[in-house]
There are 2 protein chains.
Amino acid sequence: MSFVHLFRRYLREQGLPVTQQREAIAEVVFSSSEHLSVDDIETRLREQGERIGKATIYRTLETLVKSGLVEEHDFGEGFKRYEHLFGQKPVREHLICTECGKVVDMHSTELHRVQEEAARQQGFLPSRYRLQIYGLCAECRAAGAELRWEGLSCPIETI
Amino acid sequence: MSFVHLFRRYLREQGLPVTQQREAIAEVVFSSSEHLSVDDIETRLREQGERIGKATIYRTLETLVKSGLVEEHDFGEGFKRYEHLFGQKPVREHLICTECGKVVDMHSTELHRVQEEAARQQGFLPSRYRLQIYGLCAECRAAGAELRWEGLSCPIETI
DNA sequence: GTAATTGCAAAGGATTTGCAACAGT
DNA sequence: ACTGTTGCAAATCCTTTGCAATTAC
């Protein structure tokens, strides 16, 4: 069940084989509401008894992204994360806690509008965007964490 | 001449040696207004006769970023880019042309304000953010480029 | 002189690719 | 049958690290 049939349909439309591995990988990504790394996906597959090579996972994720059913994210961790796009409002903004690493999705219509406008003012025709806000989440603030600033506090003012 | 003396000052403050290599690397980064990759930097050093190992470039860039004089960017290309922060308004938004790859800096005060507000509404204390807008730049639009959409045009509507 | 940096080469981690065996249509 | 996928290992790319020789202070 779940949303795997959409991926199956996409594969058929494209004349690509519907394989057991592709279905298993899609199932894992579609049934999680988190941002999964390739290792996360491999682990979950292993937990449910599937033993699928990493190369296949990478290749299937590429197909899933092309299908438009899954989105790729880069939070600057040195590797990518993947997230399905079902039953969510379009999430394009991420709040990333620099203390605990938690990533919170959000979506602001106003933000979207202002961005669109700013890009067009530069003669740009925007198609997609990504916004990452780093800071402290509510929990870490409550736990007394402080923002850390490294290096000179504001070197630019000193020029 | 240039802004290298600021970096020198930072090094002295930190009790770190001021070396020929660090000065040459800083000079290259400070005298370019582009977003330089490590390879770009190595090439420019070589062009001006300096032969400095990649490890040293990486290590010096780390110091430059810590000093607050240089900022690190990740445009999802699989490697980092570096940009000095002199004589510019704070640039936190990048327009990235999906046709020619050009990156245009911008800064919108309104955008900044709206972002700040949206983050706080989620209980978040924002410290820094990055926004990347992908699309077509004015030149590529004039040259007749079209936005390319891969895969299903909008699979989410079909669920 | 002492402590830190340099440069090389090797290691590291994420991702990709080549290719023989295999599975989907 | 034919075409495309899988899985493994090797290769690749960017980046980091270990260590002996060198340089800054």
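Values in this document were obtained by computation on a predicted structure and should not be read as measured data. Order of the sequence lines fixes the chain letters, A, B, ..., with proteins taken first and strands second; residue numbering starts at 1 for each chain.
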Note to self: Taking 4.0 Å as the cut-off, does a side-chain nitrogen or oxygen of T19(B) come that near to OP1 or OP2 on dT6(C)?
What the structure shows: yes

Next item on the list: Answer whether the closest heavy-atom distance between the side chains of K80(B) and V38(B) falls below 4.5 Å.
Entry: no

Next item on the list: For DNA chain C, determine which residues of residues 36-55 of chain B have any heavy atom closer than 4.0 angstrom to one of its atoms, and list them numerically.
Entry: R51(B), I52(B), G53(B), A55(B)

Margin query: Donor-acceptor check, side chain of T56(A) to backbone of I52(A), threshold 3.5 angstrom: yes or no?
Written below: no

Notebook entry, point to check: Reckon Q21(A) has a side-chain N or O less than 4.0 Å from the OP1 or OP2 of dG7(D)?
Noted result: yes

Notebook entry, point to check: Can we call the ring centroids of Y134(B) and Y129(A) under 6.0 Å apart?
Noted result: no

Next item on the list: Send over the distance from Q14(B) CD to dA4(C) P, rounded to a whole Å.
Entry: 13 Å

Margin query: Could you tell me how far apart L16(B) (CG) and dT23(D) (P) are, to the nearest whole angstrom?
Written below: 19 Å

Note to self: Could you tell me how far apart Q20(B) (CD) and dT22(D) (P) are, to the nearest whole angstrom?
What the structure shows: 15 Å

Note to self: Whole angstroms only, please: what is the NZ-C1' distance between K80(B) and dA14(C)?
What the structure shows: 13 Å

Next item on the list: Would you mind reading off the bend of the helix from dG1(C)-dC25(D) to dT25(C)-dA1(D) from its two end axes, five pairs each, to 10 degrees?
Entry: 30°

Notebook entry, point to check: Nearest-Å distance, CZ (R59(A)) to P (dC8(D))?
Noted result: 11 Å

Item checked: Side-chain N,O (Y58(B)) to OP1/OP2 (dT16(D)) below 4.0 Å -> no

Margin query: Strictly distance-based, threshold 3.5 Å: is any side-chain N or O of R81(B) a donor or acceptor partner for the main-chain N or O of H35(B)?
Written below: yes

Next item on the list: Under 4.0 Å between any heavy atoms, over every strand shown, what does F79(A) touch: base, sugar-phosphate, or nothing? Just pick one.
Entry: sugar-phosphate

Next item on the list: Calculate the interatomic distance between E23(B) atom CD and dT5(C) atom P; express it in whole Å.
Entry: 15 Å

Note to self: Does dT5(D) have OP1 or OP2 under 4.0 Å away from a side-chain N or O of R22(A)?
What the structure shows: yes

Note to self: Between T43(B) and D40(B), do the side chains contain a donor N or O and an acceptor N or O under 3.5 Å apart?
What the structure shows: no

Margin query: Under 3.5 Å, is there any donor-acceptor pair linking the side chain of R12(A) to the base of dG24(C)?
Written below: no

Next item on the list: Determine whether the aromatic ring centres of Y82(B) and H73(B) lie less than 6.0 Å apart.
Entry: no

Check: Just wondering, more than 12 heavy atoms not from E72(B) lying within 6.0 Å of its CD?
Finding: yes

Next item on the list: Report the C-alpha distance between I57(B) and L45(B) in whole Å, list the side-chain angles of each, state the deciding distance to 0.1 Å, and finish with yes or no for side-chain contact (heavy atoms from CB on, under 4.5 Å).
Entry: CA-CA 10 Å; I57(B) 300 178; L45(B) 286 168; 3.9 Å; yes

Margin query: Just the rounded figure in Å: distance from P of dT5(D) to CG of L64(A).
Written below: 13 Å

Item checked: Nucleotide dT16(C), atom C1' - distance to CG of L61(A) in whole Å -> 14 Å

Notebook entry, point to check: For the residue pair H94(A) and F75(A), does the interplanar ring angle fall in the parallel (under 30°), tilted (30 to 60°) or perpendicular (over 60°) class?
Noted result: perpendicular

